[in-house]
Amino acid sequence: MADAFDLIVLGGGPAGASGAAAAGALGKRVALVEKAGMLGGAGINTGTIPSKTLRETSLVLSGWRSRELFGVDLSLRREATISDFMRHEKNVTAAVRERMRRNLDARGVTRFRGVGRFIDPHTVEILENEKKIVLRGEKILIATGSAPFRPTEFPFDDNRVHDSDEVLEITTMPKKLVVIGGGVIGSEYAGTFAALGVEVHLVDGRDSLMPFLDAEISHGLAKAMASNGVQFHWKERVTACDASQAEDVVLSLSSGAKLTCDGVLVCAGRQSNTADLDLDAAGIIPGKRGLVPVNEHYQSAAPHIYAAGDVIGAPALAATGIEQARVAVHHAFESTRKSDLATILPTGIYTIPEASMAGETEAALREKGVEVIVGRARYADVARGDIIGDEAGFLKLIFRREDLRLLGVHVMGEQATELVHIGLIALLAEGDADLFNRACFNYPTLGDLYKYATYDAIMQREAGA
Ligand SMILES: Cc1cc2nc3c(=O)[nH]c(=O)nc-3n(C[C@H](O)[C@H](O)[C@H](O)COP(=O)(O)OP(=O)(O)OC[C@H]3O[C@@H](n4cnc5c(N)ncnc54)[C@H](O)[C@@H]3O)c2cc1C
Ligand SMILES: NC(=O)c1ccc[n+]([C@@H]2O[C@H](COP(=O)([O-])OP(=O)(O)OC[C@H]3O[C@@H](n4cnc5c(N)ncnc54)[C@H](O)[C@@H]3O)[C@@H](O)[C@H]2O)c1
């Protein structure tokens, strides 16, 4: 007889763990199945947390900011070894994993180690080594996440050619690194390695950095990254990667140019982890790159089987996956505590400098025919900007012209991913310029930027601009 649960969660990353904990909090009997030896998925082990920790460490080791970090000797600076670079990352990921484990235990979630797959729409088999366990679930949440997409032209078996998982295992710092892909992952790692003094080249088939960003932020970031040493190769694709020579890896580009280097980092998108799941047995047909199609309640083609996180595709963030799983679980158990996801989701990009956005871009609004007024304030215009010495940073607020209702918030500069939250809450509250006009912010803070960007917009409107 299969052991029966109210909910079986497949995958112990941020989405799976939050879904399991939410169901546990509702008093449900929950099983969480994770194939890796540890909880956390890409969010804790190979993606979000390691990359953000390495970024922070690189800023310290390069002397970018003089901050103390536990376990890192600031005097190492440019002579830093890979293990100095990685020590803090190991400590942080262990601490975050442990917090996740404690939370699951506190919610009474039963954990199983092994690869889960469907036998039928309510039955999951877990295979670890030769051992098989069979569970029956009233409801099931698929949260098996994603893995780096590996274009065939790259020889990943060579120890100088990495995807974004393997880059965390490197033992020697490259002298010259070529990053393929100017998406979020490529841009973040390009900045981190450049801060450590590595010669970094970034190759992308497009002609701008992360085109989903507001154009001013995308251009501002590319400029700031270039001044930090990142060399861009736009409108180029890698047609061949030759790692047969001991000295250098040689990349052939679509223009005919060649790039030699001693390290390649391929960041060319992600694919969903569904190949092991036998989705057929559950009546689910995966989409492109293994995506599980879902409706607005995160139900798959089989209504008692939900899916959340990277496995369902964009926006594919830890931030959104955690929330999607909570919404899915509350729907599954007919709880009204959390019935939908916020209508506006922020994007936080940990490049050097940081960038963040919430709401609409100027180009998208103009395309829809919305008349707007754009207010701007530079970090260099406020006292906190002077104190931290961020001269390139800026905040851009986009208001609807007719009533100064806030429609978009875009920030580049230190603490951008935190600063955006003031604007995010204003957007969710359907706030307008008057909200920032009346609010009193602490001084000296970057929060002040909201006031100055608002004044800029109000003055332009009064001047009839
Ligand atoms: C380099 C990098 C940086 C990132 N930075 C950010 C960031 O700053 N902010 C942000 O919000 N997001 C960021 N992301 C994205 C974020 O990591 C993912 O969106 C998030 O981890 C997705 O969570 P998930 O739970 O859906 O999947 P995952 O974290 O991928 O976890 C899925 C889990 O399922 C397990 N699994 C897979 N198949 C099976 C199976 N058949 N049986 C049992 N278990 C299985 C896997 O082992 C894994 O542990 C980053 C990603 C990368 C790669
Ligand atoms: N801070 C964050 O929120 C954060 C950080 C990292 C990752 N993520 C998530 O991870 C996911 C994946 O990110 P990603 O950066 O790998 O993928 P992506 O799809 O966002 O970007 C891939 C880039 O690689 C380029 N490219 C692909 N193949 C190429 C080739 N052969 N030659 C040249 N250029 C090529 C594409 O033009 C594209 O710009 C995203 O969904 C993102 O949401 C989020």
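Along the sequence shown, residues carry numbers from 1. Keep in mind that what you see is a predicted model, and the values were worked out from it rather than measured.
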A.B. asks: If we only count heavy atoms from C-beta on, is the Arg289 to Ser146 side-chain gap below 4.5 Å?
C.D. replies: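 No. Closest side-chain heavy atoms not under 4.5 Å.
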A.B. asks: Write out all pairs satisfying side chain to side chain donor-acceptor pair (under 3.5 Å) with one or both partners inside residues 429-438, taking only residues at least two apart or from two chains.
C.D. replies: Asp434-Arg438
A.B. asks: For the side chain of Gln460 and the backbone of Val374, is there at least one donor-acceptor N/O pair under 3.5 Å apart?
C.D. replies: yes
A.B. asks: Please determine, by modelled atom types, if His201 and Glu199 share a side-chain donor-acceptor pair under 3.5 angstrom.
C.D. replies: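 Looking only at side-chain atoms, Glu199 and His201 do form a donor-acceptor pair, the distance falling under 3.5 Å.
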A.B. asks: Once rounded to the nearest 0.5 Å, what's the spacing between atom CD1 of Ile398 and atom CG of Asp214?
C.D. replies: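 That separation rounds to 5.0 Å.
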A.B. asks: Between His410 (side chain) and Glu362 (backbone), is there a donor-acceptor pair under 3.5 Å?
C.D. replies: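 Not at all, since once roles are kept as given, no pair shorter than 3.5 Å links the two residues.
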A.B. asks: Looking at Leu407, is its backbone amide N or carbonyl O close enough to the side chain of Glu360 to form a donor-acceptor pair, meaning the two atoms are under 3.5 Å apart?
C.D. replies: no
A.B. asks: What is the ring orientation for Phe154 with Phe156, classed by angle as parallel under 30°, tilted 30 to 60°, or perpendicular over 60°?
C.D. replies: tilted
A.B. asks: Can you measure from CG (Leu39) to CD (Glu34) and round to the nearest 0.5 angstrom?
C.D. replies: 6.5 Å
A.B. asks: Given 3.5 Å as the limit, does a donor-acceptor pair link the side chain of Tyr450 with the main chain of Leu419, or not?
C.D. replies: yes
A.B. asks: Under a 4.5 Å cut-off applied to non-hydrogen side-chain atoms, are Thr347 and Val184 in contact?
C.D. replies: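 With C-beta onward as the side chain, the pair stays apart.
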A.B. asks: What is the minimum heavy-atom distance between Ile322 and Ser18, and which atoms define it?
C.D. replies: O-OG, 3.0 Å
A.B. asks: Can you see which heavy atom on Ile284 is nearest to which on Pro286, and at what distance?
C.D. replies: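 Shortest heavy-atom contact: O-CD, 3.6 Å.
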A.B. asks: Are Val292 and Ser272 packed together at the side-chain level, in the sense that at least one heavy-atom pair is separated by less than 4.5 angstrom?
C.D. replies: no
A.B. asks: Please report the C-alpha distance between Lys28 and Leu7 in whole Å, then the side-chain angles of each, then the deciding distance to 0.1 Å, and finally whether the side chain to side chain contact (heavy atoms under 4.5 Å, CB included) criterion is met.
C.D. replies: CA-CA 7 Å; Lys28 300 296 170 188; Leu7 177 71; 5.5 Å; no
A.B. asks: Please walk me through it: do Thr260 and Lys176 pass side chain to side chain contact (heavy atoms under 4.5 Å, CB included)?
C.D. replies: CA-CA 8 Å; Thr260 56; Lys176 181 173 170 183; 4.0 Å; yes
A.B. asks: With a 4.0 Å cut-off on N to O distance, would you call Glu153 and Arg237 a salt bridge?
C.D. replies: no
A.B. asks: Whether the side chain of Thr239 engages the backbone of Ser252 through a donor-acceptor N/O pair (distance < 3.5 Å, no angle test) should be reported.
C.D. replies: yes
A.B. asks: What do the steps show when you test Leu428 against Thr343 for side chain to side chain contact (heavy atoms under 4.5 Å, CB included), and what is the final call?
C.D. replies: CA-CA 8 Å; Leu428 290 172; Thr343 46; 4.0 Å; yes
A.B. asks: Taking atom NZ of Lys90 as the centre, report whether more than 12 heavy atoms of other residues, nucleotides or ligands fall under 6.0 Å from it.
C.D. replies: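 Yes, because the 6.0 Å sphere around NZ of Lys90 holds more than 12 heavy atoms from other groups.
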A.B. asks: Mind jotting down which residue pairs meet the side chain to side chain donor-acceptor pair (under 3.5 Å) criterion with at least one end in residues 326-340? Sequence neighbours excluded, please.
C.D. replies: Tyr306-His331, Glu323-Arg326, Glu323-Lys338, His330-Ser335
A.B. asks: Start with the C-alpha distance between Phe193 and Val167, add both sets of side-chain angles, then the distance that settles side chain to side chain contact (heavy atoms under 4.5 Å, CB included), and finish with yes or no.
C.D. replies: CA-CA 11 Å; Phe193 281 99; Val167 77; 3.9 Å; yes
A.B. asks: Can you see which heavy atom on Glu236 is nearest to which on Val203, and at what distance?
C.D. replies: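 Closest pair (atom of Glu236, atom of Val203, distance): O-CG1, 3.5 Å.
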A.B. asks: Just wondering, do Thr192 and Ser51 contact through their side chains at under 4.5 Å, heavy atoms?
C.D. replies: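 In short, these two side chains do not touch, never coming nearer than 4.5 Å.
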A.B. asks: Nearest 0.5 Å please: distance from the CZ atom of Arg55 over to the CD1 atom of Ile352.
C.D. replies: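 Rounded to the nearest 0.5 Å, the CZ-CD1 separation comes out at 5.0 Å.
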A.B. asks: Under 4.0 Å between a side-chain nitrogen and a carboxylate oxygen: does that hold for Glu56 and Lys52?
C.D. replies: no
A.B. asks: Give a yes or no answer on whether the side chain of Thr361 reaches the backbone of Ala364 with a donor-acceptor pair at less than 3.5 Å.
C.D. replies: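 Such a contact is found between Thr361 side chain and Ala364 backbone.
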A.B. asks: If you take all heavy atoms of Val198 and Lys175, which pair is closest and at what distance?
C.D. replies: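 In terms of heavy atoms, the two residues are closest at CG1-O, 3.7 Å.
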A.B. asks: Is the shortest side-chain heavy-atom distance between Leu221 and Ser187 below 4.5 Å?
C.D. replies: no
A.B. asks: Where the side chain of Lys451 meets the backbone of Ala439, is there a donor-acceptor pair that is under 3.5 Å apart?
C.D. replies: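 Judged by distance alone, yes, a pair lies under 3.5 Å.
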A.B. asks: For Gly47 and Pro50, work out which heavy atoms get closest and say how close.
C.D. replies: O-CD, 3.3 Å
A.B. asks: With heavy-atom distances below 4.5 Å as the criterion, would you say the side chains of Leu424 and Val409 are in contact?
C.D. replies: no
A.B. asks: Counting only heavy atoms not in Tyr452 (residues, nucleotides, ligands), do more than 12 fall under 6.0 Å from its OH?
C.D. replies: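 Counting other residues, nucleotides and ligands, OH of Tyr452 stays at 12 neighbours or fewer.
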A.B. asks: Are any non-hydrogen side-chain atoms of Ile388 and Leu446 less than 4.5 angstrom apart?
C.D. replies: yes
A.B. asks: Can you tell me if Asn273 uses its side chain to pair, donor with acceptor, with the backbone of Ala275 under 3.5 Å?
C.D. replies: no
A.B. asks: Are the side chain of Glu371 and the backbone N or O of Arg401 linked by a donor-acceptor pair below 3.5 Å?
C.D. replies: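 No; zero donor-acceptor contacts below 3.5 Å.
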A.B. asks: Decide yes or no for Ile140 and Leu10: does some side-chain heavy atom of the first lie under 4.5 Å from some side-chain heavy atom of the second?
C.D. replies: yes
A.B. asks: As an exercise, state the distance from OG1 of Thr48 to CD of Glu188, rounded to the nearest 0.5 Å.
C.D. replies: 8.5 Å
A.B. asks: With a 4.0 Å cut-off, would you call Arg150 and Asp163 a salt bridge?
C.D. replies: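 Salt bridge: yes.
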A.B. asks: Have a look at Leu265 and tell me which of Val178, Ile170, Leu177 forms a side chain to side chain contact (heavy atoms under 4.5 Å, CB included) with it.
C.D. replies: Leu177
A.B. asks: Measuring from Ile349:CD1 to Leu213:CG, what's the distance to the nearest 0.5 Å?
C.D. replies: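 The CD1 atom of Ile349 sits 4.0 Å away from the CG atom of Leu213.
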A.B. asks: What pair of heavy atoms forms the shortest contact from Leu406 to Ala426, and how long is it?
C.D. replies: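 Between these two residues, the closest heavy atoms are CD2-CB, 3.9 Å.
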A.B. asks: Without swapping roles, check the side chain of Lys139 against the backbone of Asp6 for a donor-acceptor pair under 3.5 Å.
C.D. replies: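 Looks like no, no N/O pair under 3.5 Å.
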A.B. asks: So, taking the atom named CD in Glu391 and the one named CZ in Arg378, what distance separates them when rounded to the nearest 0.5 Å?
C.D. replies: 9.0 Å
